[in-house]
Each structure stands twice: as structure tokens, then as C-alpha cells.
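Here's the structure, in C-alpha cells; my notes come after.
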2 protein chains.
Amino acid sequence: MSLAQIRYFVAVAEEGHVGRAARKLHIAQPPVSRHIRSLEDELGSALFARTPRGMKLLPAGEVFLDHARKILAAVEQATRALRHT
Amino acid sequence: MSLAQIRYFVAVAEEGHVGRAARKLHIAQPPVSRHIRSLEDELGSALFARTPRGMKLLPAGEVFLDHARKILAAVEQATRALRHT
DNA sequence: CGGATCCAATACCGTTTCGATCTGACCGGG
DNA sequence: CCCGGTCAGATCGAAACGGTATTGGATCCG
């Protein structure tokens, strides 16, 4: 699991679409798809339901989204703490 | 910044030596050296004082160590939360 | 002194990972 | 039907990564 994967996951969860998340992240769509897939593989549980209209968070995804945001917040806080030393 | 870098940093901080941290992490010493350096570059402040006896945490390093542990704990908690879904 | 020792840092190389582009598969709306 | 929108797979060039070998610097000891 990488921080990039976590950021991609949060973006997809928030946008509801891999493509829109990709645009927001300024990268192409397939890499986002792959990262989400590999994240699910690593965690051992599906996080999204794939529908023709986009990606819908599953219960496991909701749980992980909460933790993911905490991780990213902790990272941001860490960098901010050193910004003025 | 990557989770691997954060793990390497914590290991070096705990061991006090790049080499020992590397052994603990089951990787070679140079990669650890490089990751620490690039982490410092990215954060814009030195985290360790290089001494002939090893690496000694600077004040900025102590601050970051605290945050680093929180990040890793959050990651562990995230994976644990999905272990049983 | 001077060589041995113990560190981290650098150079270089092969492998792996990553992202971009192109393409395919699937479903819903007109 | 076919068309628009969406995700997934294949392929390729570029970047990152880790390993080995080596260098550089500072201390210790004979």
C-alpha cells in the first residue's frame, strides 16, 4: 500500500468515477483503475461496486475511506509540523 | 514522501545507525541512506546529525518521528479494520 | 604517526514499477 | 439498434528502486 494509492482511492470515493478522479489527480484513468484494483487485492476485500454509471462505495470501502482520510491528514500534519523549523 | 521512507526513517531513528536499520528492514544500507536523504530534501530540513558513531536525531527529527509513528499506526489500523469484513 | 575499523555516502547497473496511449468490453438512453 | 459514457486490459517508454562495489571521513589503537 502506498500513499499514492490511498490518495487515488479517496479521490475515486469522492468523485464516484475513476475517470473524474483521474482528471482531478492530473493523471490518466487506467493507472487509477489499476491502483484501486491492487489496493483491493492487497486488502483482501472489494472497496467499490463497479456499475456502468461509476464506482459505488461498498461497506468495506466506507470503513477504509475513514481510515484513509486519517492517514492523509496525519501526513499533512507531519509535513506542516516541519514547515517552520 | 512514501510509506517506505517513513518506515525507514523510524527504523533509523530507533536503531541510531543506517546499517543496523537496514539489517532490521532486510534491505541493504545504501537504499536506506538515499531514502533518508531524499526525505530530508523533501521536508526541507535535516532530521539527523551524521556522526562517526551513527545518526543522531535532531529536534526536527524528534518532531517528525512522533508524526511518523502516528502515520504508520493509522495505516496499520486501516488494514486491521478491513481484516474482518 | 599510521594502519585498521566503523560509519554513511556515492557510482553504477539490472529490475521493477509507474504512467500514458490505445483498445476492448459492458451497460443504458435515445 | 447504435451511441455515449464508463471501467479494464495490453503495450511501451520513463522513472524509481534495490543491490553490489567503492569511496570518504572520523576515530581508535599499536
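The salt bridge (charged side-chain N to carboxylate O under 4.0 Å, His left out) analysis of residues 57-69 of chain B, with sequence neighbours excluded, yields the pairs B/Glu14-B/Arg69, B/Asp66-B/Lys70. Each salt bridge (charged side-chain N to carboxylate O under 4.0 Å, His left out) pair with one or both residues in residues 46-59 of chain B, not counting sequence neighbours, appears once here: B/Glu40-B/Arg50.
Nucleotide C/dA9 holds its P atom 10 Å from the CZ atom of B/Phe48, rounded to whole Å. When the C1' atom of D/dG24 is taken as reference, atom CD of B/Gln29 falls 12 Å away, rounded to whole Å. Between the P atom of C/dG19 and the CZ atom of A/Arg7 lies a distance of 12 Å, rounded to the nearest Å. In this structure, CD1 of B/Ile27 is placed 6 Å from P of D/dG19, rounded to the nearest angstrom. Atom NE2 of A/His26 and atom P of C/dA20 are 11 Å apart (whole Å). Atom-to-atom, CZ of B/Arg50 to P of C/dA9 comes out at 4 Å; the value is rounded to the nearest Å. When rounded to the nearest whole Å, the span between CG of A/Leu3 and P of C/dC18 equals 13 Å.
Of all the residues in residues 13-25 of chain B, B/His17, B/Val18, B/Gly19, B/Arg20 reach under 4.0 Å from DNA chain C with at least one non-hydrogen atom. Of the residues in residues 31-47 of chain B, those lying under 4.0 Å from DNA chain C by heavy-atom distance are B/Ser33, B/Arg34, B/Arg37.
Interatomic distance, A/Gln77 CD to A/Leu72 CG, rounded to the nearest 0.5 Å: 12.5 Å. With values rounded to the nearest 0.5 angstrom, B/His67 atom NE2 is found 8.5 Å from B/Ile71 atom CD1.
Here the side chains of A/Leu47 and A/Ile36 are not in contact, with every heavy-atom distance at 4.5 Å or above. Within the 4.5 Å cutoff, the side chain of A/Leu39 has heavy atoms near those of the A/Phe64 side chain. A 4.5 Å side-chain heavy-atom check between A/Arg37 and A/Arg34 finds every atom pair outside the cut-off.
Residue whose closest nucleotide on DNA chain C sits further toward the 5' end, between A/Pro30 and A/Arg53: A/Pro30.
Taking A/Thr51 as the reference, nothing meets the side-chain hydrogen bond (donor to acceptor under 3.5 Å, both in side chains) condition, with sequence neighbours excluded. Taking A/Ala11 as the reference, A/Ala21, A/Leu25 meet the side chain to side chain contact (heavy atoms under 4.5 Å, CB included) condition, with sequence neighbours excluded.
Residue A/Tyr8 places no side-chain N or O under 4.0 Å from the OP1 or OP2 atom of C/dC18.
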